[in-house]
Amino acid sequence: MANCLECDKPLMGRIDKKFCSDMCRNSYNNRLNSDSYNVVRNMNNQLRKNRRILEELCPDDKAKTTKNTLITKGFDFNLMTSIRPTQKGNIYHFVYDYGYLELDNDFYLIVKDNRLEK
């Protein structure tokens, strides 16, 4: 006879049963994934924040802003979802569907990639 992986109570029912209840199953999985989940959750939260900042500063397809404005709003330049080089050699850093390109004098060009809206 098998025991619950979470509370160690004897299991009744199916032979392949691992938990005595949904609560034990949830507790076990939450505990198992808590460390890695926190890292992923925090990173996803900052990526969403970065996207919201770019979306706010770029209501149309293109806009310019300063590095100071981005930093003041809490933008993290270390987190992005992709990097896209252009044929001219420029490198756009994207956070989902919004990208930014570093210009001269701490200015940034923000663009929206409308191709992803299909």
Side-chain angles (χ1 to χ4, degrees):
M1 186 173 229
N3 292 338
C4 177
L5 293 177
E6 180 64 16
C7 69
D8 209 34
K9 289 182 184 175
L11 296 174
M12 304 284 244
R14 291 181 18 193
I15 196 164
D16 62 343
K17 195 170 183 180
K18 296 180 182 180
F19 303 100
C20 63
S21 68
D22 286 338
M23 188 172 76
C24 278
R25 179 179 46 83
N26 287 334
S27 295
Y28 178 85
N29 287 318
N30 286 341
R31 187 171 34 81
L32 188 67
N33 296 321
S34 65
D35 291 339
S36 63
Y37 182 73
N38 285 337
V39 171
V40 172
R41 185 184 70 231
N42 292 339
M43 195 170 291
N44 283 335
N45 286 340
Q46 184 61 50
L47 282 169
R48 280 193 299 272
K49 182 177 182 179
N50 279 358
R51 186 192 177 280
R52 277 193 305 271
I53 292 168
L54 294 174
E55 181 181 32
E56 175 189 325
L57 295 173
C58 183
D60 300 319
D61 288 343
K62 288 183 181 180
K64 278 188 183 178
T65 191
T66 62
K67 184 174 189 174
N68 189 45
T69 301
L70 291 167
I71 291 171
T72 301
K73 291 184 175 288
F75 192 85
D76 184 349
F77 287 93
N78 295 314
L79 291 178
M80 64 203 80
T81 55
S82 64
I83 296 175
R84 295 187 202 165
T86 65
Q87 291 179 345
K88 293 181 181 178
N90 295 323
I91 297 177
Y92 282 86
H93 297 81
F94 272 82
V95 181
Y96 301 112
D97 55 339
Y98 284 91
Y100 59 93
L101 172 67
E102 187 173 1
L103 303 172
D104 295 332
N105 301 321
D106 283 340
F107 277 94
Y108 283 83
L109 174 67
I110 303 172
V111 297
K112 182 172 185 195
D113 185 358
N114 293 318
R115 296 178 294 174
L116 299 175
E117 292 180 356
K118 295 177 183 178

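None of these values were measured; they are calculated from a predicted model.
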Query raised in the report: Do Asn90 side-chain atoms and Thr86 backbone N/O form a donor-acceptor pair below 3.5 Å?
Result: no
Report task. Could you tell me which non-hydrogen atom of Cys20 sits nearest to which non-hydrogen atom of Cys24, and how far apart they are? Result -> SG-SG, 3.6 Å
Report task. Check whether the ring centres of Tyr100 and Phe94 lie less than 6.0 Å apart, and answer yes or no. Result -> no
Report task. Would you please indicate if the ring centroids of Tyr28 and Phe19 are separated by under 6.0 Å? Result -> yes
Query raised in the report: Quick one: CD1 on Ile91 to CD on Glu102, what's the gap to the nearest 0.5 Å?
Result: 10.5 Å
Requested in this report: Establish, for the pair Lys67 and Phe77, whether the NZ or CZ atom is under 6.0 angstrom from the six-membered ring centre and no further than 45 degrees off its axis.
Outcome: yes
Requested in this report: State plainly whether the residues Lys49 and Asp76 are in salt-bridge range, i.e. N to O under 4.0 Å.
Outcome: no
**Report entry** Between CD1 on residue Ile53 and CD1 on residue Ile110, distance to nearest 0.5 Å
**Finding:** 9.5 Å
Report task. Spell out, as yes or no, whether a donor-acceptor pair under 3.5 Å connects the side chain of Asn105 to the backbone of Phe107. Result -> no
Query raised in the report: After noting the C-alpha distance and the side-chain angles of Asp97 and Lys112, does the key distance pass the side-chain contact (heavy atoms from CB on, under 4.5 Å) rule?
Result: CA-CA 6 Å; Asp97 55 339; Lys112 182 172 185 195; 3.6 Å; yes
Query raised in the report: How far apart are the C-alpha atoms of Gln46 and Asn50, what are their side-chain angles, what is the distance that settles it, and do they pass the side chain to side chain donor-acceptor pair (under 3.5 Å) test?
Result: CA-CA 6 Å; Gln46 184 61 50; Asn50 279 358; 3.0 Å; yes
**Report entry** Thr65 side chain to Tyr108 backbone, donor-acceptor under 3.5 Å
**Finding:** no
Report task. Evaluate the criterion side-chain contact (heavy atoms from CB on, under 4.5 Å) for residue pair Asp113 and Arg84; output intermediate values, then yes/no. Result -> CA-CA 11 Å; Asp113 185 358; Arg84 295 187 202 165; 2.6 Å; yes
Query - Interatomic spacing from CZ in Arg51 to OH in Tyr98 - rounded to 0.5 Å - result: 5.5 Å
Report task. Decide if atom NZ of Lys17 counts as having more than 12 heavy atoms of other residues, nucleotides or ligands within a radius under 6.0 Å. Result -> yes
Requested in this report: Group every Ile, Leu, Val, Met, Phe, Trp and Tyr by side-chain heavy-atom contacts under 4.5 Å, then state whether Met43 and Leu54 land in the same group.
Outcome: yes
Query raised in the report: Just by distance, with hydrogens left out, do Asn45 and Arg48 show a side-chain donor and acceptor under 3.5 Å apart?
Result: yes
**Report entry** Test side-chain contact (heavy atoms from CB on, under 4.5 Å) applied to Leu47 and Thr81, step by step
**Finding:** CA-CA 8 Å; Leu47 282 169; Thr81 55; 4.1 Å; yes
Query raised in the report: Salt bridge or not for Arg52 and Glu56, using N-O below 4.0 Å?
Result: no
Query raised in the report: Do Lys73 and Leu57 pass the side-chain contact (heavy atoms from CB on, under 4.5 Å) test, and can you show the C-alpha distance, the side-chain angles, and the key distance before you say yes or no?
Result: CA-CA 10 Å; Lys73 291 184 175 288; Leu57 295 173; 3.8 Å; yes
Query raised in the report: Does Asn68 offer a backbone N or O that forms a donor-acceptor pair with the side chain of Thr72 under 3.5 Å?
Result: yes
Query raised in the report: Of the non-hydrogen atoms in Met80 and Val95, which two are nearest, and what is the gap between them?
Result: CA-CG2, 4.2 Å
Query - Closest non-hydrogen atom pair between Val111 and Lys62, with its separation - result: CG1-CG, 3.9 Å
Query raised in the report: Going from SG on Cys4 to CE on Met12, what distance comes out if it is rounded to the nearest 0.5 angstrom?
Result: 13.5 Å
Report summary line: So CG of Leu109 and OH of Tyr92: to nearest 0.5 Å the spacing works out to 5.0 Å
**Report entry** Spacing of CG belonging to Leu103 relative to CG belonging to Leu101, to within rounding of 0.5 Å
**Finding:** 5.0 Å
